[in-house]
Peer 1: 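Before I ask anything, here is the structure I am working with.
We count ligands from 1, going down the list as the structure has it; atoms in each ligand are counted the same way. The figures here come from the full heavy-atom set of this structure, side chains too, leaving out hydrogens, waters and symmetry mates. In what follows, residues are counted from 1 in the order of the sequence shown.
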Amino acid sequence: MSTWHILGAGSLGGLWAARLSRAGLPVRLILRDQARLAQYRVAGGLTLVEDGLASLHPIPAEVPSTDIPIRRLLLACKAYDAEEAVAELAPRLTPGAEIILLQNGLGSQEAVAARVPRAQCIFASSTEGAFREGAPEGNSWRVVYAGRGQTWLGTPGERRAPEWLEELQRAGIPHDWSDDILAKLWRKLALNCAINPLTVLHDCRNGGLRDWPAEVAGLCEELSELLHACGQGAAASDLHQDVLRVIDGTAANFSSMYQDVACGRRTEIGYLLGYALREAQRLGIELPRLQDLLQRLREHLAARGLPVD
Ligand code: NAD
Ligand code: KPL
């Protein structure tokens with residue numbers, strides 16, 4: 001049985017680590033450096049808060065430079081950290097190592113795969129929700145499981161699910177193998193592009209976008225055009241209706257991008273709207289509403305001293 005090495009003991013990484021570990025599966029956390037490792041050891045492990053109940057999981061941890069070989073890696077950092085993080089671990093990866101990429105959006109998966117061409121990259125798209133409670137970035141080892149959801153996993157062109165999915169079953173991680181994971185990632189990207197930037201610019205919860213129906217409809221139209229041009233027609237199907245359904249279904253929530261900006265954290269815009277517009281440029285199509293949205297969002301981020309990519 002391969003050990004689950006998990007890089008990024010943040011929200012989603014912590015949620016996976018705690019569930020895998022409590023199912024009796026071997027797990028090791030990879031923390032940034034010795035200082036974080038020392039803090040983690042003082043905390044005595046990761047705490048998972050689920051349905052209001054907290055449980056402590058004393059999962060072993062290490063730093064990237066350790067020489068233990070890695071056969072299976074769950075990469076649970078943000079999209080903008082993924083390539084660098086995997087490059088640091090490359091010397092430890094065994095030939096054919098499996099890397100599960102939990103990053104939202106698109107672009108980081110390609111960059112990781114190019115860095116470690118001998119590894120098998122499995123892409124994931126998750127609708128689960130988790131956040132870190134308490135201390136600021138890096139110092140919180142307490143993860144709250146905030147929203148039930150589903151994680152789709154897949155490797156483009158591979159229909160057969162790997163046998164280790166059974167371990168996710170055992171750990172109670174809701175999942176499905178997708179034989180078209182790129183369609184899932186594109187669909188989520190489109191939903192995020194239609195909703196998240198507008199919630200930041202209009203300073204509202206997802207439900208507040210009901211006041212901007214024409215703007216939402218215009219973005220959905222251009223996103224559908226882009227999806228068709230990218231050969232992702234299936235991901236474009238009923239996009240506008242789905243966006244309206246998500247706005248209603250999550251009306252009381254703040255989008256992830258809204259929360260990032262509100263907390264002064266870097267957003268993943270470069271892997272969402274930024275990626276969409278780079279693809280549009282590559283294909284030679286004009287998407288003036290999405291372009292304008294990106295411009296406004298960048299101005300908003302720059303005014304708050306946040307990275308615009
Ligand atoms: P997070 O910021 O809570 O956790 C990321 C962790 O990775 C941090 O602890 C960070 O210190 C660590 N990290 C970054 N680079 C590292 C390195 N080189 N070595 C060691 N550790 C490193 O992020 P998150 O919310 O868990 O999100 C991870 C990905 O999952 C994102 O792409 C996000 O969009 C996606 N996602 C998150 C959720 C959620 O509810 N949190 C839901 C769906 C998708
Ligand atoms: O995934 C989301 C997010 O906030 O990132 C939703 C709820 C779908 C809004 O785009």
Side-chain angles (χ1 to χ4, degrees), residues 5-17 29-37 39-40 46 61-66 73-89 100-109 112 123-133 135-152 184-185 187-200 205-207 209 216 219 242-261 263 265-273:
H5 281 92
I6 301 187
L7 180 135
S11 313
L12 222 46
L15 178 61
W16 277 61
L29 295 173
I30 302 175
L31 308 179
R32 264 182 208 272
D33 50 33
Q34 291 292 349
R36 298 255 170 116
L37 185 57
Q39 289 163 4
Y40 174 77
L46 268 183
E62 64 196 34
V63 290
S65 58
T66 314
L73 174 67
L74 179 72
L75 197 64
C77 56
K78 297 280 193 182
Y80 47 75
D81 283 327
E83 187 182 352
E84 205 180 308
V86 95
E88 207 179 354
L89 295 179
I100 298 124
L101 304 170
L102 276 185
Q103 288 63 47
N104 199 16
L106 280 160
S108 67
Q109 298 87 348
V112 166
F123 302 178
S125 177
S126 183
T127 59
E128 289 203 292
F131 63 87
R132 279 183 291 175
E133 198 173 58
E137 156 78 11
N139 294 332
S140 170
W141 309 105
R142 198 175 164 90
V143 172
V144 180
Y145 189 9
R148 310 268 157 190
Q150 184 77 3
T151 300
W152 282 272
K184 297 271 182 220
L185 284 160
R187 178 67 163 210
K188 176 107 190 301
L189 178 146
L191 279 165
N192 287 165
C193 287
I195 297 174
N196 298 10
L198 285 182
T199 63
V200 173
R205 293 175 197 264
N206 293 352
L209 297 186
V216 172
L219 295 180
D242 204 19
V243 165
L244 297 178
R245 186 187 59 74
V246 172
I247 287 174
D248 282 340
T250 62
N253 298 357
F254 286 110
S255 75
S256 54
M257 192 178 281
Y258 182 100
Q259 293 178 47
D260 283 341
V261 175
C263 296
R265 291 190 297 250
R266 181 175 176 182
T267 68
E268 294 184 301
I269 176 190
Y271 300 85
L272 297 167
L273 197 48

Peer 1: Going by heavy atoms in the side chains, are Glu62 and Ile30 under 4.5 Å from each other?
Peer 2: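 A side-chain contact under 4.5 Å exists here.
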Peer 1: Where do Ser126 and Thr151 come nearest, in terms of heavy atoms and distance?
Peer 2: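 So the two residues come closest at OG-OG1, 3.0 Å.
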Peer 1: Is there a donor-acceptor contact under 3.5 Å from the side chain of Arg205 to the main chain of Ala252?
Peer 2: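 Yes; judged by distance alone, with no hydrogens or angles, the pair exists.
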Peer 1: Where's the contact between Leu102 and ligand 1, heavy-atom distance under 4.0 Å: side chain, backbone, both or neither?
Peer 2: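 The answer is the backbone.
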Peer 1: Any idea which part of Glu128 is under 4.0 Å from ligand 1, heavy-atom wise: side chain, backbone, both or neither?
Peer 2: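 Answer for Glu128: backbone.
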Peer 1: Select the closest option to atom 36 (N) of ligand 1 among Leu12, Ile6, Asn104, judged by heavy-atom distance.
Peer 2: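 Answer by nearest heavy atom: Leu12.
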Peer 1: Which ligand 1 atoms are under 4.0 Å away from a heavy-atom of Arg36?
Peer 2: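 That gives atoms 11 (O) of ligand 1.
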Peer 1: For atom 32 (O) of ligand 1, which candidate among Glu268, Glu83, Lys78 holds the nearest heavy atom?
Peer 2: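 Closest candidate by heavy-atom distance is Glu268.
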Peer 1: N/O of Leu31 under 3.5 Å from N/O of ligand 1, yes or no?
Peer 2: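 N/O-N/O distance under 3.5 Å: no.
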Peer 1: Kindly give the heavy-atom pair with the smallest separation between Ser255 and Asn196, and that separation in Å.
Peer 2: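 Answer, listing the atom of Ser255 first, then Asn196: CB-OD1, 3.5 Å.
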Peer 1: Which residue in the set Leu74, Val143, Ile6, Leu102 passes side chain to side chain contact (heavy atoms under 4.5 Å, CB included) when paired with Leu12?
Peer 2: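 The single option meeting the side chain to side chain contact (heavy atoms under 4.5 Å, CB included) with Leu12 is Leu102.
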Peer 1: Any idea which heavy atoms bring Asp33 and Val63 closest together, and the distance?
Peer 2: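 Heavy atoms only, the tightest pair is C-CG1, 3.4 Å.
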Peer 1: Pull out every atom of ligand 1 sitting under 4.0 Å from any heavy atom of Gly129, numbered as shown with elements.
Peer 2: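 Here the atoms of ligand 1 in question are 40 (O).
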Peer 1: Any side chain to side chain donor-acceptor pair (under 3.5 Å) involving residues 74-83? Give me the pairs, sequence neighbours left out, ordered by first then second residue.
Peer 2: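 Sorted result for residues 74-83: Glu83-Arg115.
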Peer 1: Any heavy-atom pair between the side chains of Leu37 and Gln34 that's under 4.5 Å?
Peer 2: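 A side-chain contact exists here, since the closest heavy-atom pair is under 4.5 Å.
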Peer 1: Suppose we screen for salt bridge (charged side-chain N to carboxylate O under 4.0 Å, His left out). Which residues come up paired with Glu88, at least two apart in sequence or across chains?
Peer 2: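 Scan of Glu88 (salt bridge (charged side-chain N to carboxylate O under 4.0 Å, His left out), adjacent residues dropped) gives none.
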Peer 1: Shortest non-hydrogen contact from Gly8 to Ala76?
Peer 2: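 Smallest heavy-atom distance, with atoms named: O-CB, 3.7 Å.
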Peer 1: Name the residues with a heavy atom less than 4.0 Å from ligand 2?
Peer 2: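 Answer by chain and number: Lys188, Leu191, Asn192, Ile195, Asn196, Asn206, Val246, Ser255, Ser256.
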Peer 1: Hey, does Gln103 come in under 3.5 Å of ligand 1, counting only N/O atoms on both sides?
Peer 2: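 N/O-N/O distance below 3.5 Å does not exist for this pair.
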Peer 1: Report, in ascending order of atom number, the atoms of ligand 1 lying under 4.0 Å from any heavy atom of Ala76.
Peer 2: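 Listed by number with element, the hits are 5 (C), 28 (C).
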Peer 1: Among Ser126, Ala130, Gly149, which one puts a heavy atom closest to atom 43 (C) of ligand 1?
Peer 2: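 The nearest heavy atom belongs to Ser126.
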Peer 1: Show me which atoms of ligand 1 lie under 4.0 Å from any heavy atom of Ala85.
Peer 2: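 Listed by number with element, the hits are 18 (N).
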Peer 1: Is a side-chain N or O of Glu268 found less than 3.5 angstrom from the main chain of Ala79, in a donor-acceptor match?
Peer 2: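 Yes; judged by distance alone, with no hydrogens or angles, the pair exists.
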Peer 1: Within the 4.0 Å heavy-atom shell around Ile30, which atoms of ligand 1 are there?
Peer 2: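 Near Ile30, meaning under 4.0 Å from one of its heavy atoms, ligand 1 has 20 (C).
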Peer 1: Could you list the residues that satisfy side-chain hydrogen bond (donor to acceptor under 3.5 Å, both in side chains) with Asp242, not counting sequence neighbours?
Peer 2: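 Partners of Asp242 under the side-chain hydrogen bond (donor to acceptor under 3.5 Å, both in side chains) test: Arg187, Arg245.
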